[in-house]
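Small disclaimer: the values here were computed from a predicted structure and weren't measured.
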Amino acid sequence: MKRARIIYNPTSGREVFKKYLPEVLVILEKAGYETSCHATTEAGDATKAARHAAEREFDLVVAAGGDGTINEVVNGLAEQSYRPKLGIIPVGTTNDFARALDIPRDDILEAARVIANGVPMPIDIGKVNDMFFVNIAGGGKLTELTYEVPSKLKTVIGQLAYYLKGIEMLPSIRPSDVRIEYDGKVFEGEIMLFLVSLTNSVGGFEKLAPDSCLNDGMFDLLILKKVNIADFIKVASLALRGEHIKEPHIIYTKANRVKVNTKEKMQLNLDGEYGGLLPGEFVNLYRHFDVMVSKERAEKE
């Protein structure tokens with residue numbers, strides 16, 4: 001019998017996962033998995049649990065939580081010589097990675113059925129400064145929205161919370177002076193933010209990186225140059241429709257490697273969580289993981 005390990009954040013999504021855990025166990029058992037669980041207790045605990053599951057050579061590791069929990073699990077598995085297949089049960093507020101994989105975000109049992117009945121699909125992940133990410137990395141004051149917007153506000157109004165917080169913060173934000181090298185090209189100047197993306201979904205915006213592919217070995221690089229409030233509102237409105245990439249304040253391109261140097265202190269955002277400070281070099285690890293998705297999603301990719 002195959003073995004599965006569920007690593008879940010008991011505080012994610014109003015603590016709803018615990019209520020459905022017995023039914024999730026039944027779904028996985030019927031799919032042929034002898035399943036055990038680990039409830040995280042502190043920051044970094046999911047990384048340790050995932051590393052231990054890889055060392056014990058579980059066939060499947062299921063990350064149940066928000067994007068932060070998924071990021072921790074990925075960091076626990078990424079450097080292991082043996083990497084179990086990865087399953088996702090989204091229980092957070094934004095769930096960008098699940099959105100990009102077409103995994104149900106409002107039905108825990110349906111997400112479990114995707115794992116049980118789906119197929120493994122190879123995906124790229126990113127590495128920077130010895131840390132890993134599966135969805136997005138970035139820098140600039142505007143990227144700090146993902147951990148400055150209160151969780152209750154995100155739960156109530158979703159992506160609008162980021163939009164409103166951005167407008168609120170903009171008058172006090174100074175642009176950052178950076179040098180960004182990407183696949184032989186260089187940008188130098190003042191920016192509001194840069195994003196290195198592996199999927200199309202960031203902060204609930206499903207079309208922020210409209211040309212993204214999960215396993216082509218390439219990042220989508222987006223740079224927002226210095227803008228005023230009026231220009232920011234215009235760009236954000238266009239981004240909702242995926243029509244921002246030709247806007248003159250935007251640089252949008254593909255790159256396998258991205259190197260960022262800054263003239264001042266700049267925080268690094270990894271999958272919506274604080275990831276230390278820049279500078280850093282972002283490297284795409286081609287088809288590094290197998291993640292469980294529906295057969296329809298795998299065929300679409």
Side-chain angles (χ1 to χ4, degrees), residues 1-41 45-46 49-50 53-54 56 58-74 76-77 83-123 134-135 151-152 154-159 199-201 203-204 206 214 271-272 289-301:
M1 179 176 278
K2 297 175 291 184
R3 293 183 304 144
R5 185 71 160 167
I6 299 174
I7 300 171
Y8 71 96
N9 182 348
T11 64
S12 283
R14 300 177 181 173
E15 304 183 4
V16 296
F17 182 73
K18 289 184 288 186
K19 301 175 185 177
Y20 290 94
L21 181 54
E23 293 173 85
V24 171
L25 290 173
V26 170
I27 290 170
L28 293 177
E29 293 279 350
K30 287 183 177 179
Y33 289 100
E34 180 182 335
T35 308
S36 56
C37 303
H38 176 89
T40 60
T41 56
D45 191 31
R56 294 178 60 193
F58 276 79
D59 299 280
L60 171 71
V61 169
V62 176
D67 290 320
T69 300
I70 295 168
N71 177 270
E72 284 197 17
V73 169
V74 165
L77 300 177
R83 292 186 291 276
K85 295 190 295 293
L86 179 65
I88 304 296
I89 297 180
V91 199
T93 52
T94 307
N95 299 311
D96 276 319
F97 190 55
R99 186 193 307 268
L101 295 171
D102 292 341
I103 293 172
R105 290 171 286 115
D106 53 2
D107 192 324
I108 288 172
L109 299 184
E110 278 302 311
R113 293 184 186 102
V114 167
I115 298 170
N117 304 320
V119 295
M121 182 179 75
I123 62 165
V134 291
N135 193 63
S151 294
K152 288 183 179 179
K154 286 190 286 187
T155 300
V156 173
I157 60 175
Q159 71 186 52
T199 79
N200 66 328
S201 182
E206 295 186 54
L214 291 165
D271 290 335
F289 270 111
D290 282 338
V291 63
M292 299 301 295
V293 299
S294 68
K295 294 176 184 177
E296 294 78 13
R297 182 62 181 87
E299 290 171 358
K300 186 170 84 173
E301 193 69 27

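- By the 6.0 Å contact criterion, CD on E34 is open, its count of non-hydrogen atoms from other residues, nucleotides or ligands being 12 or less.
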Next on the checklist: One pair to check against side-chain contact (heavy atoms from CB on, under 4.5 Å): I108 and V16. What are the steps and the verdict?
Outcome noted: CA-CA 9 Å; I108 288 172; V16 296; 3.8 Å; yes

Item to check | Check against side-chain contact (heavy atoms from CB on, under 4.5 Å), Y8 and V24 | outcome: CA-CA 12 Å; Y8 71 96; V24 171; over 6 Å; no

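- Across all non-hydrogen atoms, the minimal contact from E110 to P104 is CB-CG, 3.9 Å.
- A heavy-atom distance below 4.5 Å is not found between the side chains of T199 and D96.
- Here the shortest heavy-atom pairing between A112 and L28 reads O-CD2, 4.5 Å.
- In this structure, D107 CG and R113 CZ are separated by 7.0 Å, a value rounded to the nearest 0.5 Å.
- Counting all heavy atoms, side chain and backbone alike, K295 lies closest to N117 at CE-O, 3.9 Å.
- Looking at heavy atoms from C-beta onward, S294 lies out of side-chain contact with D102 at the 4.5 angstrom threshold.
- A distance-only check finds a donor-acceptor pair linking the side chain of R5 to the backbone of C37 [under 3.5 Å].
- Side-chain contact between L25 and I6 is present, with at least one heavy-atom pair separated by less than 4.5 Å.
- Side-chain atoms of D290 never come within 3.5 Å of backbone atoms of K85 as a donor-acceptor pair (strictly under, hydrogens ignored).
- Without hydrogens or angle criteria, R3 side chain to R56 main chain gives a donor-acceptor distance under 3.5 Å.
- Counting only distance, with no hydrogens or angles, the side chain of D271 and the backbone of V134 share a donor-acceptor pair below 3.5 Å.
- For the atom pair CD1 (I103) and CD1 (I89), the distance works out to 9.0 Å, reported to the nearest 0.5 Å.
- Residues meeting the ring pair (Phe, Tyr, Trp, His ring centres under 6.0 Å) test with Y33, sequence neighbours left out: none.
- R83 contributes atom CZ, which lies 9.0 Å from atom CG of L77 (distance to the nearest 0.5 angstrom).
- Across all non-hydrogen atoms, the minimal contact from T40 to N9 is OG1-CA, 3.4 Å.
- You'll find the side chain of L101 reaches within 4.5 Å of the side chain of V291, heavy atoms only.
- Between Y20 and V91 there is no side-chain heavy-atom pair separated by less than 4.5 Å.
- Minimum interatomic distance between I70 and F97 (heavy atoms only, all atoms of both residues): CG2-CD2, 4.0 Å.
- Taking all atoms of both residues into account, the shortest heavy-atom contact from P90 to R105 is CG-CA, 3.8 Å.
- When side chains are defined from C-beta on, E29 counts as touching T35, because their heavy atoms get closer than 4.5 Å.
- Counting heavy atoms from C-beta on, the side chains of K300 and V293 never come closer than 4.5 Å.
- T41 is linked by a side-chain contact (heavy atoms from CB on, under 4.5 Å) to D45, counting only residues two or more places apart in sequence or in another chain.
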